[in-house]
Amino acid sequence: AAAPPARWGANHPAEPPPAARRPNHPRMKFGKLIRASVSSRMPQWEGSVLQYKRLKQAIKALVSEAGGAEPDVLVERFTTILDEEVERVNDFYMDQIEEAVIILHSLKQHIAQIVTASDAPAAHQLRVASQQSLVSFHWSLLLLQSFVVINFTAVVKILKKFDKKLGTLIGRTLRASYIGALTELPFYRCQALGGLVEEVEQQFVVLEGRAAASVRPAEQPHAALASS
């Protein structure tokens, strides 16, 4: 049997290295904090993260026009830009989920072969390889969860900034209505990702059960003592 696939997240270790932990910059502005978090934890996804700086610049430009433009026009111009950013984040999330579903299906097929394998040495080698692939895959799913949190937090922050900078000038706020619509998007609901994480954890249990079953009674000292 072939070794299980491990390309999705294969470059991520089982435990995050020190550089991958949340940076401790209590006085850093949120935009810089996003860049620091992404560059240290998920640099391969940097181009898919919501562009917070672009949105800040859009708000600044709209503030300068607030006196001579209709409120509805200002809101529409900002939400058009924000919609583009949110759509890009959501599309990326959906692509990652689609790829993850394919990889998990392949991993489950390999694990099923291990469970039914009669060649103990070969099954052991495959089990070890599958465990390593599951660990890497599980870490990547958790990383995707962090990606979701970072982007949703960025949306909330930029809407708060819009309401603070423009809300009093135009008599309109945006945060509540926009977040209400946002909650219908897959990347916010995160149900598919949560299900994938649970399935991976179940596959760990399956492999552990196969490992326990492969140990001969003579190799179980507690069982031997109990029978003597």
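Just so you know, these numbers use all the heavy atoms, side chains as well, and skip hydrogens, waters and symmetry mates.
- Between the side chain of Ser140 and the backbone N or O of Ser136 there is at least one donor-acceptor pair closer than 3.5 Å.
- Cluster annotation: Phe30 is connected to Val155 through the hydrophobic network of ILVMFWY side chains, with a link wherever side-chain heavy atoms come within less than 4.5 Å.
- The line from CD1 of Ile158 to CD1 of Ile81 is 10.5 Å long, rounded to the nearest 0.5 Å.
- Inter-residue side-chain proximity for Phe152 and Leu50 is flagged as unmet; no heavy-atom pair is nearer than 4.5 Å.
- For Tyr93 and Phe147, the gap between ring centers reaches or exceeds 6.0 Å.
- Residues Arg35 and Tyr52 fail the side-chain proximity criterion, which asks for heavy atoms closer than 4.5 Å.
- Under the 4.5 Å side-chain contact rule for hydrophobic residues, Val73 and Val75 do not share a cluster.
- Between Phe92 and Ser48 the shortest heavy-atom distance is CD1-OG, 3.1 Å.
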Please tabulate, one pair per line, all N/O donor-acceptor pairs under 3.5 Å involving side-chain atoms of residues 56-63, not counting sequence neighbours.
none

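- For Arg88 against Gln51, the heavy-atom pair with the smallest separation is NH2-CG, 3.3 Å.
- Every side-chain contact (heavy atoms from CB on, under 4.5 Å) that Glu84 has, sequence neighbours left out, goes to Arg54, Thr80.
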For Lys29 and Leu33: C-alpha separation, side-chain torsions, deciding distance, then whether side-chain contact (heavy atoms from CB on, under 4.5 Å) applies. CA-CA 6 Å; Lys29 291 185 176 181; Leu33 183 59; over 6 Å; no

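- Between Asn90 and Tyr188, the closest side-chain pair of non-hydrogen atoms is not below 4.5 Å.
- Looking at Thr116, its side chain does come within 3.5 Å of a backbone N or O of Gln113 through a donor-acceptor pair.
- Contact record, Ile114 with Ser130: CD1-OG, 3.2 Å, taken as the closest heavy-atom pair.
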Ignoring hydrogens and angles, write down the donor-acceptor pairs under 3.5 Å from the side chains of residues 192-207, residues two or more places apart or on other chains.
unit_1: Glu199; atom_1: OE1; unit_2: Lys108; atom_2: NZ; d: 2.9
unit_1: Glu201; atom_1: OE2; unit_2: His138; atom_2: NE2; d: 3.1

For residues 172-187, dump all side-chain donor-acceptor pairs below 3.5 Å to protein atoms at least two apart in sequence or in another chain.
unit_1: Arg172; atom_1: NH1; unit_2: Asp72; atom_2: OD1; d: 2.4
unit_1: Ser177; atom_1: OG; unit_2: Leu174; atom_2: O; d: 3.1
unit_1: Tyr178; atom_1: OH; unit_2: Asp83; atom_2: OD1; d: 2.6
unit_1: Thr183; atom_1: OG1; unit_2: Gly180; atom_2: O; d: 2.7

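- Using a 4.5 Å heavy-atom cutoff, the side chains of Lys161 and Leu166 are not in contact.
- For the atom pair Gln109 CD and Leu104 CG, the distance stands at 10.5 Å (nearest 0.5 Å).
- Screening residues 141-158 for side chain to side chain donor-acceptor pair (under 3.5 Å) gives Arg41-Ser146 as the qualifying pairs, with residues at least two apart or on separate chains.
- In this structure the side chain of Ile111 never reaches within 4.5 angstrom of the side chain of Leu126, judged on heavy atoms.
- Linking Ile, Leu, Val, Met, Phe, Trp and Tyr whenever their side-chain heavy atoms come within less than 4.5 Å puts Val89 and Val156 in one cluster.
- For the pair Phe137 and Ile103, the minimum side-chain heavy-atom distance is below 4.5 Å.
- Shown here are the salt bridge (charged side-chain N to carboxylate O under 4.0 Å, His left out) partners of Glu65, two or more places apart in sequence or in another chain: Arg77.
- Residues Leu144 and Val101 share a hydrophobic cluster, clusters being chains of Ile/Leu/Val/Met/Phe/Trp/Tyr side chains in contact below 4.5 Å.
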